[in-house]
Amino acid sequence: MQIGGRSCRVITLNTVIVGTGAAGFNAALRLKGYGQEDIAIVSEGVNMGTSRNTGSDKQTYYKLNLCADFADSPKAMAQDLFAGKAVDGDIAYAEAALSTPCFIHLAELGVPFPVNRYGEYVGYKTDHDPRARATSAGPLTSKLMTEYLEKAAKKENIQIINNTMAVSIVKKDGEAVGLLCLDIDNAADEAKRFVLINAKNIVFATGGPAGIYADTVYPCGHSGSSGVAFEAGVKGKNLTEWQFGLASTNPRWNVSGTYMQVLPRFVSVDPDGTEHEFLTEYFATPEECLFMVFKKGYEWPFDCRKVIGGSSIIDLLVYRESKLKGRRVFLDFRSNPYGMTDLPYATLKDEAREYLENAGACFGTPIERLLHMNAPAVDLYKSKGVDITKEMLEIALCAQHNNGGMDIDMWWQTGVPHLFAAGEVAGSHGVYRPGGSALNAGQVGSMRAAQYIAQYGGGEPLCEECFAAAAADTLAYHAALTAKMISGEDTVTAAMRTVTDRMSENGGAIRNPAKIQYALDAAKADFAAFDASIRVKSAAQLRLAYRLRDILIAQQMYLSAMLDYAAHGGKSRGSSLYSASEGNCPEGFDDSFRFALDDGSLDSSVQLIDFDGGKCTPSWREVRPLPEGGGFFENVWRDYRENKNIY
């Protein structure tokens, strides 16, 4: 089409899904199942993303208990999700009620969740889980989910538009009406550089904003696209609430579970190569040190409640070594802590001693114990080019999951009509969440969005003339921007390192308002200067430039949220420690680590933030209450038959 004097390829659809992770593929499958044929998935790279490229010691899926005589119900599960603080009750109820059908859908597609000889899906307790609702298909559960969902999508002949990066949302009269995308394969051809998608509905399933941090356990192929939605007017929700934890930096992987429970040696290394076994320098006795390392295995996320006298002191010690002392930090599985030939198993705290005794692992070095208990954990690193039987593993305190995200209603629609968010990009969680609830939330959210679209989002998108008028300014701006950026220089690579390092140092797990303000001012200045200062050596780098632009928008939103939270009286909670003039200070740390624990005053409040022309405006509201659920059968049945339950 000719749009504003420029020729541009236009794809016209009823619904476009952005992202090829577990949530994106499920949205497409559900829409197809509900009768909507006119759909496609857009992906920057089908094999990229967190769903396909991440995992843990035993990656968890959280759902209603389906085993033995555990008493459970959707209401009980919803109450536990709702208790996570700053959680909307209607979302919690939907995630609980639909956890079973979404889980069974995955199992029937082939995801190998274990069953016993009677066919029960057995479970175990995960963090913040009172009823053993967790299950797992192994360390690569989300990868398996994505692969089986993709296989089903291909069987349904669902179109995938690959190597295509969403860079802007087209709006008309306040509603989302389409996308402007960078055609990665044709970026060098100015006439083919962009493709427009004219769609009545958009489902954003792009994952969390992983790219805003340098220290991150998100896979290298995932950065998120939250800035695109924020720029279009979507409000951020609970953006302060992250989950941080210890992870290897290359490859990026959580060092939870048995990686800790085999009691490895923690080593930091000065720039001159001098080694420090810094945990042994901190703890009073070997028994105390070893027990804290052991507990870190199942208390993996950094939790400010577990700093004083708890296992999260390990996270702070790693942070101090790396960020304040400028040392690289490693796990060494080749030898025991304290230079011991054998550990003092008999004098270990009961919990650690009994675990190792039951595992038959009271012997040898950490790597020998790990090979005995969980050989696949060693093989996993070997498959990624790291042999932990022969070399140390570099680690850091890393961003792992954003519990906040985009503000959504109970059908996962954002405040911009016809724009939905599903998966981690949607802010369905609060401060705390049961381990594995994110995988369930992505499946439930994509199903809910598909239900709503099937009910109310049918029909044709804008006519050609109307869409051309709506998209003209967006296309003109980005066409001019990319032409200006291609200059033979490369300022984007260094800028990316600078802005992500700055975020990790000033807006990560340890937060000081003055440092947050510094990072926010810098992000604002960098974004304001973006058009004039960011240059790429060739069109192949346009993708990186757009990633940086997205990151700078998101950083402004997230840093503004952190500052507003502190100004609102917010204290340390979840995985975030805010510096305070009064409170507790961990022994041996300077006063910048003094903090006061959350007093619960904001438990029932949700923080929202709006990116309005570059000005981040915060607001607060009460959580939506937990519904009663249930209902008189005949009335529910009648409403169901008449399609009155979707509203």
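As a basis for the values below, the full set of heavy atoms in this structure was taken, side chains included, without hydrogen atoms, waters or symmetry mates.
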Note, Thr15 side chain near Lys200 side chain (heavy atom, < 4.5 Å): no

4.5 Å side-chain heavy-atom contact, Lys237 and Gln607: no

For [X], give me all partners under ring pair (Phe, Tyr, Trp, His ring centres under 6.0 Å), at least two apart in sequence or on another chain.
{"X": "Tyr118", "value": "none"}
{"X": "Tyr148", "value": "none"}
{"X": "Tyr93", "value": "none"}

Side-chain H-bond candidate by donor/acceptor type, Thr50 with Glu424, under 3.5 Å: no

Modelled atom types, side-chain donor and acceptor of Asp127 and Tyr298, under 3.5 Å: no

Distance under 6.0 Å and angle within 45° of ring axis: Arg305 vs Tyr432: yes

Cation-pi geometry met for Lys58 and Tyr124 (6.0 Å, 45°): yes

Test of ring centre spacing under 6.0 Å for Phe420 and Trp411: no

Residues, nucleotides or ligands: over 12 heavy atoms within 6.0 Å of Asn645 CG: yes

Trp637 atom CH2, over 12 foreign heavy atoms within 6.0 Å: no

Donor-acceptor under 3.5 Å (Asp639 side chain, Lys644 main chain): no

